[in-house]
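Here the structure comes first, spelled out in structure tokens, and everything after it is commentary.
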2 protein chains.
Amino acid sequence: MAGRNLVGPEVDALDLGAVFRALADEHRRSVMTELAADRSDSERGCNSFDLPISKQTQTHHFRVLREAGLIDEIDYGNRKGIRLRRADIEKRFPGLLTLLGSESPGGTAPR
Amino acid sequence: MAGRNLVGPEVDALDLGAVFRALADEHRRSVMTELAADRSDSERGCNSFDLPISKQTQTHHFRVLREAGLIDEIDYGNRKGIRLRRADIEKRFPGLLTLLGSESPGGTAPR
DNA sequence: CTTCAGGTACGATGCAAGTCATACCTGAAG
DNA sequence: CTTCAGGTATGACTTGCATCGTACCTGAAG
């Protein structure tokens with residue numbers, strides 16, 4: 001039950017266009033924002049994001065994120081794990097994850 | 001011949017989703033990359049980017065960039081000026097313009 | 001074995017977006 | 001005035017993409 005890692009692009013092969021296209025979608029961006037906010041980078045379940053879309057569409061979105069090189073998908077057969085590729089992203093596109101945190105304009109004066 | 005500035009969103013109203021959607025397109029991203037690379041931030045003509053697309057489509061792309069708040073368009077009547085909103089972008093989304101420079105991996109991590 | 005929940009594969013659909021053709025506007029130069 | 005280049009408006013076309021329905025797979029628990 002080790003779970004094999006589904007393939008994504010290498011660090012040097014990360015494409016800025018694919019990344020922007022991936023982050024252009026509302027749902028995928030919310031997933032990435034959540035992942036970026038969790039500094040522990042622990043593996044998460046697919047349904048821990050409770051997206052308001054069907055599971056087939058979720059499969060699609062996670063695939064896009066993986067193919068853009070933003071997350072790793074670990075296949076356990078009947079379930080799946082999601083993990084942010086923080087180190088790779090920071091190496092190739094430093095500052096991108098920080099950018100995701102500035103989603104809300106009120107960011108200057110939070111609670 | 002003063003040229004009036006076409007309207008775009010205010011700094012605080014800049015939307016990350018609109019920005020990512022704008023930068024998802026190849027042609028718009030190439031324009032932004034060129035603008036970000038020129039630290040003098042001088043006003044440029046629309047056709048100084050020689051995009052391989054028709055002028056109607058160029059009009060469309062520049063409009064998207066303006067409505068995303070990334071550039072200013074100065075209308076002179078029979079021609080148009082383009083200027084990067086560097087200060088606003090850096091204030092709202094610090095690091096974004098730097099990110100555009102990392103399009104080619106050749107810089108930091110060659111093969 | 002059967003059942004069941006999580007996930008995928010394939011196809012269809014509806015909508016957004018990139019592209020261009022035609023026609024028109026604007027200002028500068030003859 | 002006319003001409004001309006740069007730009008826009010409108011509409012049509014086409015592609016891409018987000019979404020879901022149906023069917024199927026996978027592993028765990030009865």
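Residue numbers start from 1 in every chain, and the chains themselves are labelled A, B, ... in the order their sequence lines are given, proteins ahead of strands.
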- Phosphate OP1/OP2 of D:dA9 contacted by B:Arg63 side-chain N/O (<4.0 Å): yes
- Kindly write out the residues that satisfy side chain to side chain contact (heavy atoms under 4.5 Å, CB included) with B:Ser54, not counting sequence neighbours, or none if the list is empty. B:Gln56, B:Thr57
- Mind checking what makes side chain to side chain donor-acceptor pair (under 3.5 Å) contact with B:Asp88, not counting sequence neighbours? B:Arg85
- Message: Treating A:Arg28 as the side-chain partner and A:Ala22 as the backbone partner, does any N or O pair qualify as donor plus acceptor under 3.5 Å?
- Response: yes
- Please state how far atom CD in A:Gln58 lies from atom C1' in C:dA5, giving the value in whole angstrom units. 14 Å
- Task: If a protein heavy atom is under 4.0 Å from the base, mark B; if only from the sugar-phosphate, S; if neither, -; do that for nucleotides 16-27 of chain C going 5' to 3'.
- Result: --SBBBB---BB
- Note on the structure: Quick note, salt bridge (Lys or Arg N to Asp or Glu O under 4.0 Å) partners involving residues 14-25 of chain A, not counting sequence neighbours, are A:Asp15-A:Arg21
- Message: I'd like to check B:Leu70 versus B:Val64 (side-chain heavy atoms, cut-off strictly below 4.5 Å). Are they in contact?
- Response: no
- Item | Value in whole Å for how far the C1' atom of C:dT8 lies from CZ of A:Arg79 | 16 Å
- Kindly write out the residues that satisfy ring pair (Phe, Tyr, Trp, His ring centres under 6.0 Å) with B:His61, not counting sequence neighbours, or none if the list is empty. B:His27
- What residues form a side chain to side chain contact (heavy atoms under 4.5 Å, CB included) with B:Glu26, not counting sequence neighbours? B:Arg29
- Partner set under side chain to side chain contact (heavy atoms under 4.5 Å, CB included) for B:Asn78, not counting sequence neighbours: none
- Within residues 45-63 of chain B or reaching into it, pairs that qualify as salt bridge (Lys or Arg N to Asp or Glu O under 4.0 Å) - sequence neighbours excluded: B:Arg63-B:Glu67
- Query: Once you round it to whole Å, what is the distance between P of D:dA18 and CD of A:Glu26?
  - Reply: 12 Å
- Task: Measure the distance from CZ on B:Phe62 to P on D:dG6 and round it to the nearest whole Å.
- Result: 14 Å
- Query: Stem ranges for DNA chain D, with three or more consecutive Watson-Crick or G-U pairs under 3.5 Å?
  - Reply: C:1-30 with D:1-30
- List for me each residue that meets side chain to side chain contact (heavy atoms under 4.5 Å, CB included) alongside A:Ser48, sequence neighbours excluded, and say none if there are none. A:Arg44
Pairs under 3.5 angstrom, nitrogen or oxygen only, protein versus nucleotides 11-15 of chain C, please.
none

- Message: Tell me the interatomic distance from A:Phe20, atom CZ, to D:dG16, atom P, rounded to whole angstroms.
- Response: 21 Å
- Looking at residues at least two apart in the chain, or sitting in another chain, which of them share a salt bridge (charged side-chain N to carboxylate O under 4.0 Å, His left out) with B:Arg79? none
